[in-house]
Protein chains: 2
Amino acid sequence: MIDKKIEGGTFMNSLSYAILAILTRKSQTGYELGKQLETLWASKLSQIYPLLSRLEKKGLVTSEHILQTGKPNKIKYHITETGLETLKQWIKQSPTDPVLRDEFLIKIHSIWLSNAETAVKLLLERLESFEKKLKNANEVIEILETTKKEEITNPQTDAFCSFILYKRRKKIVEEEVEWCRWVLEMFNGSSK
Amino acid sequence: MIDKKIEGGTFMNSLSYAILAILTRKSQTGYELGKQLETLWASKLSQIYPLLSRLEKKGLVTSEHILQTGKPNKIKYHITETGLETLKQWIKQSPTDPVLRDEFLIKIHSIWLSNAETAVKLLLERLESFEKKLKNANEVIEILETTKKEEITNPQTDAFCSFILYKRRKKIVEEEVEWCRWVLEMFNGSSK
DNA sequence: AGCAGCATGTAACGAGTTACATGATTCG
DNA sequence: CGAATCATGTAACTCGTTACATGCTGCT
């Protein structure tokens, strides 16, 4: 009875909703969406552009052609009333289980077959990459805390939602960093 | 120059390595692999069975037909020397970036458009599901700590690898639980 | 009587990535 | 002078899910 199939194509997938979610905050181009989506639902432009056309055919977004000089012309997308309603309805439904695909975990699972050097190299790389993510999250949180002091405590604002998501990110990334250090210690302890 | 393309089909994907990784610990059937893979690289049996055939053609695993009465016959897979070498070589290479696909995050991103009831329901569901995961991780950790006391401090054992992976899982899931409680408090605080 | 578990597989489809095509500007 | 950024898109592919097919045992 759930009509996922709205006129003009096939079903709505998670990426479609992620696109609508970002467009509620600011109308933007496919190219810009590609960057915004990184933290929410990573995807390539080659997947985003066809989906935007599909969403337009369904009447969930409208497009505005913007001519530019010196740069290629661009197409700005706006969410429609129908699009907003569709998104709101979707939010109410229980989300599917999260899926994590992380080659690092497979490698760690098998690291007992390897030597300490390989393990340490793997862990140091991971540590470095997550320390960068942590720094980035901290920066965004600081900016939100100073420029949106009021909004970030009000659940009815988009800043609040961004804030809590970055706080979550920070917590989880911090744990990963701590964990890497802990495992590295165990390798140092056992080799000496 | 990296010969991902070993005779007998196309490339090796992450799932192929995940299968090899699990088979290093214990020979087992595709059906059993399906369950073991849940925490490492979630996948369906319809993807696992054809991959096992492919791995056999490549000479990375061998199969043993086991006849059963009362239950359907089964095929037990064993990793070969070549399979083990292939896995060891792969571990040395830097893993690709982890990919997380989580509809919950998209919904939270848009929760400012919705009402407090919807948000609280979403968060309570998440909390419950992660509390279950936490309980499960704690149980496995306790078992490992009592039955494999020695191995879990020795990086050359498979128990050590399982142990550190479950410890990681526990930490991250704990943070998610804490975060859910924190956000729920903010909703309770603002509605009164 | 019906459902879950055991056990293997194929077919069809949707989701996602890589490669290709185009072309101007700006930065190092 | 090459690489990165801006900007949109198509084609070909791999990866992953859903549905289908089969059939016996044990639990509720």
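Just so it is clear, the structure is predicted and the values come from calculations on it, not from any experiment. Labels below follow one simple rule: chain letters A, B, ... track the order of the sequence lines, proteins then strands, and each chain is numbered from 1.
For the pair A:Gln36 CD and D:dA7 C1', the interatomic distance rounds to 16 Å; values are reported in whole Å. For the pair B:Glu103 CD and D:dT17 P, the computed distance is 13 Å after rounding to whole Å. Atom-to-atom, CE of A:Met12 to C1' of C:dG14 comes out at 15 Å; the value is rounded to the nearest Å. Distance A:Phe11 CZ to C:dG16 P: 15 Å, rounded to the nearest Å. Between the CD1 atom of A:Ile19 and the C1' atom of C:dG16 there is a distance of 13 Å, given to the nearest Å. Here the P atom of nucleotide C:dA19 and the OH atom of A:Tyr49 are 19 Å apart, to the nearest Å. In this structure, the CG atom of A:Leu51 is 11 Å from the C1' atom of C:dG14, given to the nearest Å. Rounded to a whole Å, the OH atom of A:Tyr77 is 10 Å from the C1' atom of D:dG9.
Distances shown here put every side-chain N or O of A:Lys44 at or beyond 4.0 Å from the OP1 or OP2 atom of C:dA15. Distances shown here put a side-chain N or O of B:Lys35 below 4.0 Å from the OP1 or OP2 atom of C:dC6. The side chain of A:Gln47 places no N or O atom within less than 4.0 Å of a non-bridging phosphate oxygen (OP1 or OP2) of C:dA15. Phosphate contact (OP1/OP2 of C:dA7, side-chain N/O of B:Gln68, threshold under 4.0 Å): present. At the phosphate of C:dA7, OP1 or OP2 sits under 4.0 Å from a side-chain N or O atom of B:Lys74. Here B:Arg101 reaches the OP1 or OP2 of C:dG16: one of its side-chain N or O atoms lies under 4.0 Å away. Taking only side-chain nitrogens and oxygens, A:Asn73 never comes nearer than 4.0 Å to OP1 or OP2 of D:dA7. Close to C:dT8, at under 4.0 Å from its OP1 or OP2, lies no side-chain N or O of B:Tyr31. Regarding contacts with the backbone of D:dG16, a side-chain N or O of B:Trp41 is found under 4.0 angstrom from either OP1 or OP2.
Figure legend: cation-pi geometry between B:Lys107 and B:Phe104 absent, as NZ or CZ is not positioned both under 6.0 Å from the six-membered ring centre and within 45° of its axis.
When the nucleotides C:dG16, D:dT8, C:dA15 are ranked by their closest atom to the side chain of A:Arg54, C:dA15 comes out on top. Nearest nucleotide to the side chain of B:Ile75, out of C:dG9, D:dT8, C:dA15: C:dG9.
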Item checked: side-chain hydrogen bond (donor to acceptor under 3.5 Å, both in side chains) evaluation trace for A:Arg25 with A:Ser162 -> CA-CA 11 Å; A:Arg25 304 192 174 193; A:Ser162 292; 2.6 Å; yes
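Contact annotation: side chain of B:Ser46 to base of D:dT18, donor-acceptor pair present below 3.5 Å.
Of the residues near DNA chain D, A:Pro50 and A:Lys71, the one whose nearest nucleotide (by heavy atom distance) lies more toward the 5' end is A:Lys71. Taking for each of B:Val99 and B:Ser53 the nucleotide of DNA chain C with the nearest heavy atom, the 5'-most of the two is the partner of B:Ser53.
Without hydrogens or angle criteria, A:Arg101 side chain to B:Ala42 main chain gives a donor-acceptor distance under 3.5 Å. In this structure, B:Trp179 contributes its side chain and A:Ile164 its backbone to a donor-acceptor pair below 3.5 Å.
Among the atoms of the strands shown, base atoms are found under 4.0 Å from some heavy atom of B:Leu45. Using a 4.0 Å heavy-atom criterion, one finds that A:Lys76 contacts no nucleic acid atom at all.
A salt bridge links B:Asp102 with B:Arg126: the closest approach of a Lys/Arg side-chain nitrogen to an acidic carboxylate oxygen falls below 4.0 angstrom.
The salt bridge (Lys or Arg N to Asp or Glu O under 4.0 Å) test with B:Arg181 is passed by exactly one of B:Glu128, B:Glu176, B:Glu174, B:Glu131: B:Glu131.
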